[in-house]
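Since the structure comes first, as structure tokens, the remarks are kept for the end.
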Amino acid sequence: MDAFSSSFLSTLTPSTKLLSPVITTTLRSTSPSPYYAPLPYISSVRIEEKPPTSTTTTKTSHPPPPQSPKAWPPPAPSYASPSVGAKKRVEPRLSTMIFNTFDDIINNFIDPPLRPSVDPKHVLSHNFAPVDELPPTPCEVIQGSLPPCLDGAYIRNGPNPQFLPRGPYHLFDGDGMLHSIRISKGKATLCSRYVKTYKYSIENQMGSPVFPNVFSGFNGLTAAATRGALSAVRILSGEFNPANGVGLANTSLALFGNRLYALGESDLPYSIRLTSKGDIQTLGRIDFDGKLFMSMTAHPKIDDDTGEAFAFRYGPVPPYLTYFHFDANGNKQPDVPIFSMTRPSFLHDFAITKKYAIFADIQIGMNPMDMIIGGGSPVGTDPAKVPRIGIIPRYAKDESEIRWFDVPGFNLIHAINAWDEDDGNAIVLLAPNILSVEHTLERMDLVHALVEKVRIDLRTGLVTRHPISARNLDFAVLNPAYVAKKNKYVYAAVGDPMPKIAGVVKLDVSKGERQECTVGSRMYGPGCFGGEPFFVAKEPQNPEADEDDGYVVSYVHNENTGESRFLVMDAQSPNLDIVAAVKLPRRVPYGFHGLFVRESDLNKL
């Protein structure tokens, strides 16, 4: 979710490499303002003892990727294990030490992290604090048993800063880390690895941050000018080359064309694979034979019936939106630039039906004047803007058939699903509508996400809407086999408030207006918070299976005990009964989006 941001900024000396900080002293509020709710801060950190790392490396034979990353082929040995074939950290050059000194001056005197939303003492408190990498480590099943259909791996992505920030830091700014629980014959193994992006690798080798972070580091003209100038000098001196990628790959994962990708919307996808022992390897940055430029959404849509993947990219310069798709073999098809989007908008997600692709032009977008005049973020809200929905044929060759419909007050960040009705003469979209959208980036705890069903009649242009639930729900998922088709059930995370998730609810979206749609619920309990749920079908190849015949899985952390678990819940039970609970060998920080990959698919990577 690193919208409009190029990379992570935190200015440190080489000695501040972060190894799993956790809170060790009393937390207290530091904000006297009544506007901000009291928030804890990290007053000190300690280093967690890592489990012993095996010194042996298991070699497995896999076919080479369809194409090699064009920009920078990372050395394969360094991805097997941090202790095997790792790059030696180079002694910092004099120029680097000078640049880091200027970074410290900017962070301490020109643009210190004064606002809670970019103050690392607040942002990285409790279980948002990062952890070190974890090699494959056995887990204990402490309740029930793991069903056979879960043989495979559940992998969740999220931000995990490689270095403890000194300057401004936003929740979306951390380097991507994958937390994978590999399941085989009822046994589970946890592994946590950074996505070895170009940014991560360069900074890891140099021992300090060198990339700027557009999102939290360019608030105000003075900050933008000083950090921009410093970044330009770093590039000219050869510290890094932005053409090789500037993204974090910290948002989500996708599986298509027999490839598994770690995604962040400010860069190209990074190809990932899991070894037979459960370790995670980064294979490289993929440009699809030079056909994918700059970046791609972190929320591509996979049609389970066809195997195709549909995606887009957006940015601050025209065309502000570009749509494209991949065939079932993972080959990218030509771009469709959308010039009818006349100003840059924050397009984090979208939806598809069997006939159309659906985009939301919302009230969040680039706001350079607010940054220059008011010292705000380059990404902001425009309350005068009327949100609209754009609908384009799914296999469009150009934008000539796109149609835009005004939908006042509808601000979509995440889409759940969409489908066609009336022989393709209408579409239905399910998505949380972000109320108080002005707080989305600064005060997520004040945001309320109201799940709505939006129907657009393509013949008359009539737009109708009604809420599905009044609760604060986001990070909603469905049975993946029902993407682009009419579905009945949705599993949504309960904000308490966001970004903390107190439980999961099951919604029956087939119910009519003014009917209670919640048909299942599980709250995790006092001090316990989870993440985005994910639905795993028991029999994905059985066309006669019920839509909800499966399990809901998620990582859950207990802030009272410091313990994290992996929960497996019965999707058909009214209480989402726990079928299995796995005690994890160490805590898993809160993160973003995840994916379950079956054993048969893992073997094809």
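When reading the values below, keep in mind they use all heavy atoms of this one structure, side chains included, and skip hydrogens, waters and symmetry mates.
Partners of Asp349 by side chain to side chain donor-acceptor pair (under 3.5 Å), not counting sequence neighbours, listed by chain and number: Lys301.
Note: Phe535 CZ to Phe596 CZ = 11.5 Å, rounded to the nearest 0.5 Å. Between the CG atom of Asn433 and the CD atom of Glu452 there is a distance of 4.5 Å, given to the nearest 0.5 Å. With rounding to the nearest 0.5 angstrom, the NZ atom of Lys486 is 10.5 Å from the CG atom of Leu430. Rounded to the nearest 0.5 angstrom, Asn425 CG and Ile427 CD1 are separated by 12.0 Å. Note that OH of Tyr489 and CG of Asp548 are 4.5 Å apart. Values are rounded to the nearest 0.5 Å. Arg182 CZ to Leu150 CG: the interatomic distance, rounded to the nearest 0.5 Å, is 13.0 Å.
Around CD of Glu401, the count of heavy atoms belonging to other residues, nucleotides or ligands within 6.0 Å does not exceed 12. By the neighbour-count criterion of 12 heavy atoms within 6.0 Å, atom CD of Gln541 is sparsely surrounded, having that number or fewer from other residues, nucleotides or ligands. More than 12 heavy-atom neighbours from other residues, nucleotides or ligands sit within 6.0 angstrom of CG on Asn542.
Checking Thr322 against Asp335 by side-chain atom types alone, no donor-acceptor pair falls below 3.5 Å. Looking only at atom types and distance, the side chain of Glu265 has a donor-acceptor partner in the side chain of Tyr314 under 3.5 Å away. At a cut-off of 3.5 Å, with distance as the only test, a side-chain donor of Gln363 or Asn411 sits close to an acceptor on the other residue. In summary, the side chains of Arg313 and Ser295 do not present any donor paired with an acceptor at a separation below 3.5 Å, with no hydrogens or angles considered.
A salt bridge links Asp549 with Lys538: at least one charged nitrogen is closer than 4.0 Å to a carboxylate oxygen. One finds no salt bridge joining Lys488 and Asp546 here, because no Lys/Arg side-chain nitrogen approaches an Asp/Glu carboxylate oxygen to under 4.0 Å. Note on Asp382 versus Arg343: salt bridge recorded, some NZ/NE/NH1/NH2 to OD/OE distance being below 4.0 Å. One finds a salt bridge joining Arg394 and Asp303 here, because a Lys/Arg side-chain nitrogen approaches an Asp/Glu carboxylate oxygen to under 4.0 Å.
For the pair Lys500 and Tyr590, the NZ or CZ position fails the cation-pi test of under 6.0 Å to the six-membered ring centre and within 45 degrees of the ring normal.
Counting heavy atoms from C-beta on, the side chains of Asp304 and Pro480 never come closer than 4.5 Å. Using a 4.5 Å heavy-atom cutoff, the side chains of Phe326 and Pro300 are not in contact.
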Test salt bridge (charged side-chain N to carboxylate O under 4.0 Å, His left out) on Asp361 and Lys385 and set out the steps. CA-CA 9 Å; Asp361 183 10; Lys385 180 180 178 181; 2.6 Å; yes
Decide yes or no on salt bridge (charged side-chain N to carboxylate O under 4.0 Å, His left out) for Lys199 and Asp267, but give the supporting numbers first. CA-CA 11 Å; Lys199 171 192 176 295; Asp267 205 348; over 6 Å; no
ring-ring contact (aromatic ring centres under 6.0 Å, His included) between Phe288 and Tyr261, intermediate numbers included: CA-CA 12 Å; Phe288 298 89; Tyr261 299 101; 5.6 Å; yes
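Across Asn417 and Ala484, no two heavy atoms sit closer than the pair OD1-N, 2.9 Å.
Note: Tyr194 and Tyr200 meet the aromatic proximity criterion, with ring centroids under 6.0 Å apart. Aromatic pair His325/Tyr395: centroids less than 6.0 angstrom apart. Two rings, from Phe350 and His299, have their centers 6.0 Å or more apart.
When each of Phe324, Tyr320, Phe359 is tested with Phe312 by the rule ring-ring contact (aromatic ring centres under 6.0 Å, His included), just one qualifies, namely Phe359.
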